[in-house]
Amino acid sequence: MEINIPAVLAEVEAAFARYEDALVGNDVEVLDELFWKSPLTLRYGGGENLYGYDAIAAFRSARSPAGLARTLEATAITTYGRDFATANTLFRRASAPGKVGRQSQTWVRTPEGWRVVAAHVSLIDDPAA
């Protein structure tokens with residue numbers, strides 16, 4: 001298996017950047033598009049466990065658009081072959097001083113393009129604080 005084929009890595013980096021822009025801009029349509037439309041998709045969030053695309057889409061449509069701005073650190077995207085990738089990043093928000101967020105995503109190439117099939121978001125005390 002080839003790791004980080006340059007063209008594949010560029011595709012996933014672009015999908016990840018598109019996701020990030022949609023997240024901080026609360027572009028629910030793009031966020032919904034980038035999750036795999038399957039009952040097998042899951043997202044563990046800061047205060048919710050969402051099983052299936054429908055539950056994730058319902059969460060997104062009900063979420064407040066306030067306080068979504070953030071900065072990313074230590075983003076690590078790795079591709080495995082041509083159809084599978086992971087994206088992990090740390091994030092900080094002004095609304096959560098002394099905390100650092102962690103985001104993990106599993107991406108798979110589908111006939112529609114790269115889609116998140118599993119995601120996990122959590123917030124911890126900032127070890128650097």
Side-chain angles (χ1 to χ4, degrees):
M1 173 186 342
E2 292 182 76
I3 305 297
N4 288 341
I5 299 167
V8 177
L9 182 59
E11 291 172 6
V12 178
E13 288 172 337
F16 179 84
R18 188 168 176 238
Y19 178 91
E20 183 63 21
D21 288 344
L23 181 70
V24 298
N26 199 41
D27 188 337
V28 174
E29 183 176 325
V30 172
L31 292 169
D32 287 347
E33 174 193 330
L34 292 175
F35 272 81
W36 184 39
K37 290 178 178 59
S38 169
L40 301 175
T41 303
L42 66 88
R43 179 186 178 277
Y44 293 151
E48 65 286 336
N49 298 318
L50 305 171
Y51 296 92
Y53 173 84
D54 291 342
I56 297 166
F59 167 79
R60 290 271 186 232
S61 68
R63 184 181 65 162
S64 169
L68 298 177
R70 65 189 196 168
T71 57
L72 301 185
E73 299 175 8
T75 301
I77 297 173
T78 306
T79 63
Y80 305 85
R82 298 189 173 277
D83 300 318
F84 184 84
T86 58
N88 295 277
T89 195
L90 301 178
F91 63 88
R92 297 178 192 278
R93 287 195 163 114
S95 61
K99 300 286 186 181
V100 62
R102 303 174 297 175
Q103 174 182 296
S104 300
Q105 298 171 327
T106 302
W107 291 79
V108 173
R109 184 193 305 273
T110 71
E112 296 77 31
W114 286 99
R115 297 296 184 264
V116 176
V117 298
H120 180 221
V121 179
S122 59
L123 200 63
I124 62 170
D125 290 333
D126 186 350

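Since this is a predicted model, take the numbers as computed values, not measurements.
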dist Y19:OH -> Q103:CD (nearest 0.5 Å) comes out at 5.5 Å
Rounding to 0.5 Å, atoms NZ (K37) and CG (D32) come to a distance of 6.5 Å
Do T71 and R92 get their side chains close enough for a donor-acceptor pair, meaning under 3.5 Å? no
Of all heavy-atom pairs linking S104 and N88, the shortest is OG-OD1, 2.7 Å
Side-chain heavy atoms nearer than 4.5 Å, only ILVMFWY residues, links allowed to pass through others: does that put M1 and V108 together?
yes
Report task. Please check if atom CD in E29 has more than 12 non-hydrogen atoms from other residues, nucleotides or ligands closer than 6.0 Å. Result -> no
Is there a side-chain contact between L72 and F16, using heavy atoms and a 4.5 Å cut-off? yes
Of all heavy-atom pairs linking A74 and L90, the shortest is CB-CD1, 4.3 Å
| field | Check: E73 main-chain N/O paired with T89 side-chain donor or acceptor under 3.5 Å | value | yes
With sequence neighbours left out, the residues meeting side chain to side chain donor-acceptor pair (under 3.5 Å) with W36 are none
d(W107 CH2, R115 CZ) to nearest 0.5 Å is 8.0 Å
Rounded to the nearest 0.5 angstrom, the CG-CD1 distance for L34 and I56 is 12.0 Å
Between the CH2 atom in W114 and the CG atom in D83, the distance rounded to the nearest 0.5 Å is 6.0 Å
Can we say R18 and E33 salt-bridge, meaning some charged N sits less than 4.0 Å from an Asp/Glu carboxylate O?
yes
Rounding to 0.5 Å, atoms NE2 (H120) and CZ (R102) come to a distance of 7.0 Å
Query - Sub-4.5 Å side-chain heavy-atom contact between L23 and R60 - result: yes
Joint hydrophobic cluster, V121 plus L31, side-chain heavy atoms closer than 4.5 Å | yes
*asked:* Same cluster or not: V24 versus I77, using hydrophobic residues (I, L, V, M, F, W, Y) connected whenever any side-chain heavy atoms lie under 4.5 Å apart?
replied: no
Nearest heavy-atom approach of G67 to S95 is O-OG, 4.2 Å
- Query: Side-chain heavy atoms under 4.5 angstrom apart, residues restricted to Ile, Leu, Val, Met, Phe, Trp, Tyr: same cluster for V12 and V30?
  - Reply: yes
Nearest heavy-atom contact between V8 and G81 is CG1-O, 3.9 Å
> Do L40 and V117 have side chains that get closer than 4.5 Å, going by heavy atoms?
Replying inline: no
Q. Are any non-hydrogen side-chain atoms of K99 and R93 less than 4.5 angstrom apart?
A. no
Within 6.0 angstrom of R63 CZ, more than 12 heavy atoms from elsewhere
yes
(message) Using modelled atom types and a 3.5 Å cut-off, is there a donor and acceptor pairing between side-chain atoms of N4 and backbone atoms of T79?
(response) yes
Side-chain heavy atoms under 4.5 angstrom apart, residues restricted to Ile, Leu, Val, Met, Phe, Trp, Tyr: same cluster for F91 and L68? no
* To do: With the side chain counted from C-beta on, respond yes when T78 and I3 share a heavy-atom pair under 4.5 Å apart, and no when they do not.
  => yes
